[in-house]
There are 2 protein chains.
Amino acid sequence: MSGSRAAAKARTHENLLDAAATVFAERGYGAASVEEIARTAGVSVGSVYAHFTSKEKLFVALMERRSAREFATAQAELVGGFEAAVPALDRQLLAEADSAHLAELGAEAWLHALRSPAFGAELAAHHRRVHDVVTAMVAQERERRGTTLSMSDSEVGTVATALARGLVQYRRLSPETVPDDLFGRTLTALLRGLEAPPPPPASPPASDRAVPGSVDA
Amino acid sequence: MSGSRAAAKARTHENLLDAAATVFAERGYGAASVEEIARTAGVSVGSVYAHFTSKEKLFVALMERRSAREFATAQAELVGGFEAAVPALDRQLLAEADSAHLAELGAEAWLHALRSPAFGAELAAHHRRVHDVVTAMVAQERERRGTTLSMSDSEVGTVATALARGLVQYRRLSPETVPDDLFGRTLTALLRGLEAPPPPPASPPASDRAVPGSVDA
DNA sequence: GTCTATACCGGGATAGAC
DNA sequence: GTCTATCCCGGTATAGAC
């Protein structure tokens with residue numbers, strides 16, 4: 001029946017994306033070959049081009065699937081509020097850093113975004129969506145505590161996502177330098193430091209810049 | 001005279017590394033061609049192979065020069081202590097994020113390190129050297145303040161370097177999301193949050209938390 | 001939609017003259 | 001050490017049968 005044919009097609013489609021994830025991650029975009037992707041997926045080169053018009057389109061399709069999954073994960077983890085989310089965030093960071101391919105694909109995506117303006121806009125939009133979710137969690141936690149932070153919610157969101165990215169990369173290269181719970185401990189300490197009222201300018205014109213209740217973004 | 005010949009050779013050598021930086025950054029390691037590197041440097045392909053035995057060796061040589069410069073910069077900026085270093089760190093982060101090629105080369109280096117164990121060991125060693133300098137600065141600042149931190153100096157160093165890396169990448173893709181002084185403000189707040197003594201489990205003397213959940217470190 | 005076969009091109013690396 | 005010319009392989013993409 002046509003249903004099984006459609007299912008077979010969809011299966012090949014997913015297999016190709018899985019194979020592309022493996023090969024792009026292991027070889028890098030430029031050095032990855034369509035032939036190896038086809039072989040990994042168990043199909044021929046011709047089949048790849050029946051599903052994707054070019055190597056670049058295949059890469060972009062893979063990245064879109066990856067972004068969708070990443071966003072879904074982020075949303076699912078942050079609904080419970082900050083304190084509940086901290087262990088989940090630590091686990092998520094470990095999963096990405098210790099995965100065989102996730103961190104590499106992230107770097108490949110970033111590099112490709114810098115080289116292809118169209119894809120760059122897509123990746124920036126994805127970052128913004130994730131960032132908005134993180135920012136909302138920060139705002140929620142700030143309101144729950146009933147305090148003000150010397151940094152906007154949006155800025156805290158940027159710092160948190162950037163830190164996660166950096167820690168993943170360091171841990172991937174030198175796992176022993178990034179303890180399992182370093183991310184969560186840092187976020188906790190950072191919130192405490194932002195929450196504490198700035199030290200009163202004792203004698204000199206200190207470089208304190210804390211503005212309680214600063215703007216959002 | 002032989003001196004001028006040696007100087008010419010050295011000039012070509014440096015030109016090749018500069019050209020390699022440009023082309024590897026713009027195309028990526030896999031897609032970069034030795035022919036384009038030669039053309040950018042104003043020499044022939046044959047000359048490239050007279051200086052470097054392979055494309056990969058050329059890449060590694062470029063990365064070694066880059067590591068050496070990065071380490072020298074890090075050392076120079078951190079000798080003055082934390083407070084003096086904060087603006088310099090912000091400037092350095094902006095320079096890397098807004099440079100045409102530095103951030104890309106960093107990502108290419110990281111990816112190559114994951115794919116080549118020998119180079120991976122080299123890059124990890126470089127990270128460790130930079131990390132040691134940062135950690136020393138953290139220790140110095142901690143001692144200057146005469147306080148204790150709820151995180152080891154080394155961990156703070158890891159967090160600081162990872163955060164810098166992440167912020168560079170976010171700013172390169174979406175400059176408006178990373179203010180010029182975000183890195184320095186975050187470091188300052190983080191130290192403040194780490195410095196604050198963890199709330200005693202029994203009854204906090206001066207701390208007023210209207211919410212049952214306590215912050216763990 | 002999947003296969004085999006192939007057109008077509010570009011890149012890494014080398015040879016040998018100067 | 002630098003050049004030109006070339007070898008040779010492997011890659012993207014397509015054609016056409018089933």
Side-chain angles (χ1 to χ4, degrees), chain A residues 1-63 108 111-112 115-116 118-119, chain B residues 1-63 108 111-112 115-116 118-119:
Chain A
M1 45 184 139
S2 73
S4 74
R5 271 204 299 268
K9 177 185 172 183
R11 218 177 307 125
T12 298
H13 195 89
E14 289 301 303
N15 286 345
L16 279 173
L17 289 178
D18 292 342
T22 300
V23 177
F24 280 132
E26 288 180 352
R27 310 279 185 204
Y29 177 78
S33 79
V34 176
E35 187 276 332
E36 186 176 358
I37 294 172
R39 181 159 31 86
T40 304
V43 298
S44 69
V45 176
S47 272
V48 176
Y49 284 94
H51 284 263
F52 304 95
T53 60
S54 70
K55 175 182 170 180
E56 208 255 345
K57 288 282 173 59
L58 168 57
F59 180 78
V60 171
L62 168 64
M63 290 304 152
E108 293 288 344
L111 285 167
H112 195 71
R115 288 160 191 158
S116 157
F119 182 70
Chain B
M1 50 189 81
S2 73
S4 76
R5 272 203 299 268
K9 176 186 172 183
R11 219 177 305 126
T12 297
H13 195 90
E14 290 300 304
N15 287 346
L16 279 172
L17 290 178
D18 293 342
T22 300
V23 177
F24 280 132
E26 289 180 353
R27 310 278 186 207
Y29 177 78
S33 79
V34 176
E35 187 276 332
E36 185 177 359
I37 294 172
R39 183 159 30 87
T40 303
V43 298
S44 70
V45 176
S47 274
V48 176
Y49 285 95
H51 283 264
F52 305 94
T53 60
S54 70
K55 175 183 172 180
E56 207 254 345
K57 287 283 173 60
L58 168 56
F59 181 79
V60 171
L62 168 64
M63 289 305 152
E108 293 288 345
L111 286 167
H112 196 71
R115 288 160 191 157
S116 157
F119 182 70

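Being a predicted model, the structure only gives us computed values, none of them experimental. Side-chain atoms are counted along with the backbone in the values below, which use heavy atoms only and exclude waters and symmetry mates. All chains are named by letter (A, B, ...) in the order of the sequence lines, taking the proteins before the strands, and each is independently numbered beginning at 1.
The two residues A19(A) and I37(A) have their closest heavy-atom pair at CB-O, 3.5 Å. When all heavy atoms are compared, the tightest approach of K55(B) to A32(B) is NZ-O, 2.8 Å. Considering all non-hydrogen atoms of both residues, L16(B) and S47(B) come closest at CD1-O, 4.5 Å.
Here the nucleotide nearest the side chain of Y49(B), chosen from dG12(C), dT12(D), dC3(D), is dG12(C). The listed nucleotides are dT2(C), dA13(C), dG1(D); the one nearest the side chain of H51(B) is dG1(D). With dC3(D), dG1(C), dG12(C) as the candidates, the nucleotide lying closest to the side chain of S33(B) is dG12(C). Distance from the side chain of T12(A) is smallest to dT2(C) among dT2(C), dT2(D), dA13(D). The nucleotide whose nearest atom lies closest to any side-chain atom of S47(A) is, among dT2(D), dC3(C), dA13(C), dC3(C). Checking dT12(D), dG12(C), dT4(D) against every side-chain atom of V34(B), the shortest atom distance belongs to dG12(C).
In this entry the distance linking CD of E14(B) with C1' of dG1(D) reads 17 Å, nearest Å. Across the protein-nucleic acid pair, N15(B) atom CG and dG1(D) atom P stand 15 Å apart, rounded to whole Å. Taking atom CZ of residue R39(B) and atom P of nucleotide dT4(D), one finds them 14 Å apart after rounding to whole Å. When rounded to the nearest whole Å, the span between CG of L16(B) and C1' of dG1(D) equals 12 Å. The nearest whole Å value for the distance from the NZ atom in K9(B) to the C1' atom in dG1(D) is 8 Å.
For R115(B) and E26(A), the salt-bridge test fails: no basic side-chain N is under 4.0 Å from an acidic carboxylate O.
Here the options are L62(A), V60(A), L58(A), the test is side-chain contact (heavy atoms from CB on, under 4.5 Å), and the partner is F52(A); only L58(A) passes.
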Distances under 3.5 Å between protein N/O atoms and the N/O atoms of nucleotides 6-8 of chain C, please, pair by pair.
none

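In this structure, A32(B) reaches the sugar-phosphate backbone alone: every heavy-atom distance under 4.0 Å involves primed, P, OP1 or OP2 atoms, never a base. Here A38(A) lies out of heavy-atom contact (under 4.0 Å) with every strand.
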